[in-house]
Amino acid sequence: MKTALITGASSGIGRAMSFLFAKDGIGLVITARNESALIELQKEINTQYSVPVTVIACDLSETGAAHALHQNIQSKGITIDYLINNAGFGDTGWFVQTQWSKNDQMIQLNITALTALCQCFIPEMKERKFGRILNVASTAAFQPGPTMAVYFATKSYVLHFSEAINSELKGTGVSVTALCPGPTETNFANAAGFKDDGIFDKKQKFPSAEEVAQFGYQALMDQKSVVIHGLKNYILANSGRLFPRNWVVAITKWMMTK
Ligand SMILES: NC(=O)c1ccc[n+]([C@@H]2O[C@H](COP(=O)([O-])OP(=O)(O)OC[C@H]3O[C@@H](n4cnc5c(N)ncnc54)[C@H](OP(=O)(O)O)[C@@H]3O)[C@@H](O)[C@H]2O)c1
């Protein structure tokens with residue numbers, strides 16, 4: 001039986017994705033900080049599907065946490081075939097007014113932990129000539145993001161890093177997919193401090209976590225390199241290439257602050 005490691009499985013896209021693996025008979029290692037939410041998810045999956053679900057609660061923004069998670073999984077004798085680097089968060093505000101501790105945690109989680117987990121698991125996947133990695137980026141990856149400067153930059157990193165290593169891994173049986181969702185109905189906006197306006201305007205209807213998870217799951221299985229969820233997001237993400245960079249950043253600033 002194959003096994004998937006899903007980070008950020010306690011809510012939103014990661015939680016929704018856990019059910020998709022279980023439905024296809026793939027065992028799970030689910031991780032996030034909120035242990036009770038993970039245990040709840042484990043119980044829910046166990047009532048519907050007969051796959052093993054291992055819960056490992058940890059804070060991936062802590063130094064060394066990704067390597068400790070890898071060791072913990074190895075010590076349990078579990079082999080990871082699917083790595084879903086989904087845990088991440090954002091923060092809104094003018095950069096000079098943001099807190100360093102939050103920016104540091106964001107960089108540690110969105111960039112460092114994701115990179116470390118890829119480096120830990122890829123050699124084993126290469127040896128077995130099978131591995132599928134899904135790194136959750138964002139449409140934020142395609143342009144600079146005034147009022148979310150650090151978050152947008154972390155997601156640019158995720159996109160470029162994923163494309164680069166996917167290219168390096170051609171022919172090895174291991175693939176890396178970057179999933180780029182646009183605004184999605186999860187706890188993300190709340191955690192990032194969005195009010196009910198701007199890009200998360202409550203009057204708009206956003207895709208559900210389930211919809212985005214299904215889209216990402218299919219792209220992972222199809223070994224796609226980069227996928228953007230939704231036609232509007234696809235057009236917006238790619239339109240930046242048609243305009244001078246200073247126009248793109250000015251338009252994004254307007255969209256983020258209107
Ligand atoms: N929703 C959107 O609009 C949107 C758009 C584009 C991209 N994304 C990306 O999608 C991914 C999933 O987010 P979501 O939308 O599903 O939001 P979410 O519901 O807030 O889920 C975030 C997940 O990350 C986990 N997490 C947060 N901090 C963590 C830490 N320090 N250590 C370990 N796990 C941590 C959370 O669990 P705990 O709190 O239990 O630790 C939770 O399971 C993120 O990478 C996000 O950047 C979201």
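Atoms within a ligand are numbered from 1 in the order they appear, just like the ligands themselves. Along the sequence shown, residues are numbered consecutively beginning with 1.
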Atom 28 (N) of ligand 1 has as its nearest protein heavy atom R33 NH2, 3.2 Å
Exactly one candidate in R33, K102, Q108 meets side-chain contact (heavy atoms from CB on, under 4.5 Å) with S61; the answer is Q108
What is the nearest protein non-hydrogen atom to atom 21 (O) of ligand 1, stated with its residue, atom name and distance?
S11 OG, 3.2 Å
CA sep, side-chain torsions, deciding dist, call: N46, Q42, side-chain hydrogen bond (donor to acceptor under 3.5 Å, both in side chains):
CA-CA 6 Å; N46 284 342; Q42 181 190 42; 5.1 Å; no
Begin with the C-alpha distance, continue with both residues' side-chain angles, and end with the deciding distance and a verdict on side-chain hydrogen bond (donor to acceptor under 3.5 Å, both in side chains) for D81 and T3.
CA-CA 5 Å; D81 305 285; T3 304; 4.6 Å; no
What's the shortest distance from atom 7 (C) of ligand 1 to any protein heavy atom, and which residue and atom give it?
A137 O, 3.3 Å
Nearest-neighbour protein heavy atom for atom 9 (C) of ligand 1, which is reported as residue plus atom name and distance:
V136 CG1, 3.7 Å
Please check: side-chain N/O of N110 versus main-chain N/O of F89, any donor-acceptor pairing under 3.5 Å?
yes
Using a strict cut-off of 4.0 Å, indicate which atoms of ligand 1 neighbour a heavy atom of L109.
27 (C), 28 (N), 29 (C), 30 (C), 32 (N)
Within 4.0 Å of some non-hydrogen atom of A9, the atoms of ligand 1 are 43 (O)
Checking a contact table here: which protein heavy atom is nearest atom 12 (C) of ligand 1, and how many Å away?
N86 OD1, 3.1 Å
Quick look: A113 vs ligand 1, heavy-atom contacts under 4.0 Å, and the answer is neither
Could you tell me, atom by atom, which parts of ligand 1 come under 4.0 Å of a heavy atom of P183?
3 (O)
Could you tell me which atoms of ligand 1, counted from 1 in the order shown, lie closer than 4.0 angstrom to a heavy atom of I13?
10 (O), 15 (O), 16 (O)
Near G12 (heavy-atom distance under 4.0 Å), the atoms of ligand 1 are 16 (O), 19 (O)
Run the numbers on S36 and N34 for side-chain hydrogen bond (donor to acceptor under 3.5 Å, both in side chains), then give the verdict.
CA-CA 6 Å; S36 54; N34 186 338; 3.0 Å; yes
Is it true that a side-chain atom of N238 and a backbone atom of Y234 form a donor plus acceptor pair closer than 3.5 Å?
yes
Just by distance, with hydrogens left out, do Q99 and N103 show a side-chain donor and acceptor under 3.5 Å apart?
no
So, is F200 polar-close to ligand 1, with some N/O to N/O distance under 3.5 Å?
no
List ligand 1 atoms under 4.0 Å from S61, heavy atoms only on the residue side.
31 (N)
Answer yes or no: is there a donor N or O on one side and an acceptor on the other, between the side chain of S167 and the main chain of E163, under 3.5 Å?
no
If you count the atoms of ligand 1 from 1 in the order shown, which ones are under 4.0 Å from a heavy atom of C58?
32 (N), 33 (C)
shortest atom 31 (N) of ligand 1-to-protein heavy-atom contact is with D59 OD1, 2.7 Å
Does any N/O atom on N34 come nearer than 3.5 Å to any N/O atom on ligand 1?
yes
Are R15 and E44 within salt-bridge range, i.e. N to O under 4.0 Å?
yes
Take every heavy atom of G182, measure it against each atom of ligand 1, and state whether any distance is under 4.0 Å.
yes
S10 contact mode with ligand 1 (heavy-atom cut-off under 4.0 Å):
both
For atom 25 (C) of ligand 1, what is the closest protein heavy atom, and at what distance to 0.1 Å?
G8 CA, 3.7 Å
Using a heavy-atom cut-off of under 4.0 Å, does the side chain or the backbone of K155 touch ligand 1, or both, or neither?
side chain
Within-cut-off N or O pair, A32 and ligand 1, under 3.5 Å:
no
Look at the side chain of K258 and the backbone N and O of K253, then say whether any donor-acceptor pair between them is shorter than 3.5 Å.
no
Say whether, by atom type as modelled, one donor and one acceptor occur between the side chain of R132 and the main chain of G173 under 3.5 angstrom.
yes
With no hydrogens and no angle check, is any side-chain donor or acceptor of T98 less than 3.5 Å from a backbone partner on F95?
yes
May I ask you to say whether D24 pairs ionically with K2, meaning some side-chain N is under 4.0 Å from a carboxylate O?
no
Between Q119 and H67, do the side chains contain a donor N or O and an acceptor N or O under 3.5 Å apart?
no
Without swapping roles, check the side chain of N85 against the backbone of N135 for a donor-acceptor pair under 3.5 Å.
no
With heavy atoms only and a cut-off of under 4.0 Å, state how A140 meets ligand 1: side chain, backbone, both or neither.
neither
Ignoring hydrogens, just give me the one of T186, T184, L179, T139 whose non-hydrogen atom is nearest atom 15 (O) of ligand 1.
T186
Atom 34 (N) of ligand 1: the protein heavy-atom neighbour that sits closest, reported with distance to 0.1 Å:
A87 CB, 3.7 Å
Using a 4.0 Å cut-off to any heavy atom of P181, which atoms of ligand 1 qualify?
5 (C), 6 (C), 7 (C)
Decide whether an N or O pair under 3.5 Å exists between Y151 and ligand 1.
yes
